[in-house]
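Report on one structure; see the data block that follows.
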Amino acid sequence: GNFSENMHSPKTQSIYLESIYTPFINSLLRSAKTWTPPKDYKFSFKPEQIGRLIDESIKLIESQPLVIHLRAPAKIYGSLHGQYEDLLRLFDSWGGPTEYGDIESFDYLFLGNYVDRGKYSLEILCLLLALKLKYPEQFHLIRGSHEDIKINKNFGFAEECAQRLGEDIHHPKSIYQRFNTLFGYLPLAAVVQGKILCVHSGIGSTLQSVS
């Protein structure tokens, strides 16, 4: 009895989560100056590791609201589209979400379109999800138009998963399909300090209020 109770204790859960997100952060949160593209374009994490990251991220995101409320000051990032090196450059230039950076002072908000077009959507997704797990109340990701299987099947992300993870993207348990499941849970909008509404790309004509 005690063993299974311990497995679900907050402390054990937090150690388990740490073991999932830490390798991704240690590997992927670095300076753009020291990053070089992987020679064979292989992704440096195994599908099992990515799968655990996705599962825990879904649990967390599902427990948070569809419209997020953030405090100011906040740093807000637009479409990254697989441009991992650009993300590292932005962190180099403006400070990044680390204990030595400014995560204690700033909330971080990303406005979607993490995938497609660029070549490194996997790095971007895994780094951002790992940071979301580490800083669940300060780090926020909303959904963009490319976080949709009808779009990302044709604009690069499907091809990247097939090529870099060597998987059949049509298989329901593939990392590609599991990421698309996760995208369905992402919140759709954020409000900063009760005043600034942030969405990916516009407001439908039928929408009359945030609530």
Side-chain angles (χ1 to χ4, degrees), residues 1-30 35 38 42-71 74-75 77 80 84 87-88 91 96-110 112 114-115 120-143 147 157 160-161 164-167 169 171-188 190:
N2 286 348
F3 179 69
S4 67
E5 278 161 35
N6 289 344
M7 280 300 287
H8 296 291
S9 78
K11 190 174 178 198
T12 311
Q13 184 59 14
S14 126
I15 291 167
Y16 173 65
L17 275 183
E18 215 170 296
S19 74
I20 289 173
Y21 64 66
T22 304
F24 288 99
I25 292 174
N26 288 349
S27 167
L28 298 172
L29 186 58
R30 54 200 298 177
W35 182 73
K42 282 275 183 285
F43 189 51
S44 53
F45 287 90
K46 295 187 171 71
E48 303 78 69
Q49 288 171 290
I50 306 167
R52 284 195 290 272
L53 182 71
I54 292 171
D55 290 345
E56 292 306 322
S57 299
I58 287 176
K59 278 185 213 164
L60 170 61
I61 291 163
E62 197 181 11
S63 75
Q64 294 189 329
L66 197 63
V67 175
I68 305 159
H69 288 265
L70 300 81
R71 57 187 183 166
K75 291 185 176 183
Y77 290 78
L80 294 167
Y84 169 60
L87 175 61
L88 297 183
F91 288 160
T98 66
E99 293 96 81
Y100 318 108
D102 54 17
I103 190 72
E104 297 307 323
S105 324
F106 287 86
D107 277 7
Y108 276 70
L109 173 63
F110 290 80
Y114 310 106
V115 302
Y120 299 100
S121 298
L122 287 169
E123 277 83 351
I124 284 182
L125 283 174
C126 289
L127 176 56
L128 296 183
L129 290 176
L131 288 164
K132 173 71 184 161
L133 285 178
K134 185 170 185 178
Y135 304 112
E137 301 304 327
Q138 295 120 289
F139 203 86
H140 305 284
L141 310 169
I142 67 173
R143 188 174 179 177
E147 281 71 59
F157 184 48
E160 180 179 336
C161 288
R164 303 188 72 195
L165 300 172
E167 65 178 11
I169 55 150
H171 194 285
K173 290 197 172 147
S174 66
I175 292 301
Y176 173 71
Q177 295 285 344
R178 289 166 77 180
F179 266 126
N180 273 291
T181 299
L182 177 142
F183 295 157
Y185 288 95
L186 288 173
L188 300 179

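These numbers were taken from a predicted model, which means no experiment stands behind them. Keep in mind that the numbers below use all heavy atoms, side chains included, and drop hydrogens, waters and symmetry copies.
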So, for [X] and [Y], which heavy atoms are closest and what is the spacing to 0.1 Å?
X      : Y      : answer
Ile175 : Pro47  : CD1-O, 3.4 Å
Cys126 : Leu28  : CB-CD1, 3.9 Å
Trp35  : Leu88  : CB-CD1, 4.0 Å
Arg71  : Ser105 : NH2-C, 4.3 Å
Arg164 : Pro38  : NH2-CG, 3.8 Å
Pro136 : Gln64  : O-NE2, 3.1 Å

Would you compute the distance between atom [atom1] of [X] and atom [atom2] of [Y] and round it to the nearest 0.5 angstrom?
X      : Y      : atom1 : atom2 : value
Ile50  : Cys161 : CD1   : SG    : 8.0 Å
Tyr16  : Arg52  : OH    : CZ    : 6.0 Å
Ile58  : Leu53  : CD1   : CG    : 10.0 Å
Ile54  : Ile20  : CD1   : CD1   : 11.5 Å
Leu80  : Ile124 : CG    : CD1   : 4.5 Å
Leu165 : Lys46  : CG    : NZ    : 12.5 Å

Task: Step-by-step side chain to side chain contact (heavy atoms under 4.5 Å, CB included) determination, Leu109 to Ile142 - done: CA-CA 8 Å; Leu109 173 63; Ile142 67 173; 4.1 Å; yes
Can you confirm whether [X] sits close enough to [Y] that some side-chain heavy atom of one is under 4.5 Å from a side-chain heavy atom of the other?
X      : Y      : result
Leu127 : Tyr84  : yes
Leu87  : Glu123 : no
Pro97  : Lys134 : no
Leu129 : Glu56  : no
Tyr21  : Tyr135 : no
Ser44  : Ser27  : yes

Open item on the list: Tell me whether the rings of Phe139 and Tyr108 are parallel (<30°), tilted (30 to 60°) or perpendicular (>60°).
Closed with: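 Ring orientation of Phe139 relative to Tyr108: parallel.
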- [ ] Please work out which of the three classes, parallel, tilted or perpendicular, describes the rings of Phe179 and Phe183, given edges at 30° and 60°.
- [x]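 Aromatic pair Phe183/Phe179 classed parallel.
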Task: Leu131: which of Leu141, Leu29, Ile103 passes side chain to side chain contact (heavy atoms under 4.5 Å, CB included) - done: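 The passing option is Leu29.
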TODO: Could you check Leu70, Leu186, Ile61, Leu128 and say which one makes a side chain to side chain contact (heavy atoms under 4.5 Å, CB included) with His140?
DONE: Leu70
Task: Expected output: side-chain Glu62 to main-chain Tyr185 donor-acceptor under 3.5 Å - done: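 Not confirmed, Glu62 side chain does not pair with Tyr185 backbone.
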Task: Chi angles and distances behind the side chain to side chain contact (heavy atoms under 4.5 Å, CB included) call for Gln49, Phe24 - done: CA-CA 9 Å; Gln49 288 171 290; Phe24 288 99; 4.1 Å; yes
TODO: Please lay out, stage by stage, how Gln138 and Phe106 fare under the test side chain to side chain contact (heavy atoms under 4.5 Å, CB included).
DONE: CA-CA 7 Å; Gln138 295 120 289; Phe106 287 86; over 6 Å; no
Task: Step-by-step side chain to side chain contact (heavy atoms under 4.5 Å, CB included) determination, Lys75 to Asp102 - done: CA-CA 10 Å; Lys75 291 185 176 183; Asp102 54 17; 2.5 Å; yes
TODO: Have a look at Phe157 and tell me which of Tyr120, Tyr176, Tyr114 forms a ring-ring contact (aromatic ring centres under 6.0 Å, His included) with it.
DONE: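 Filter result, single survivor: Tyr176.
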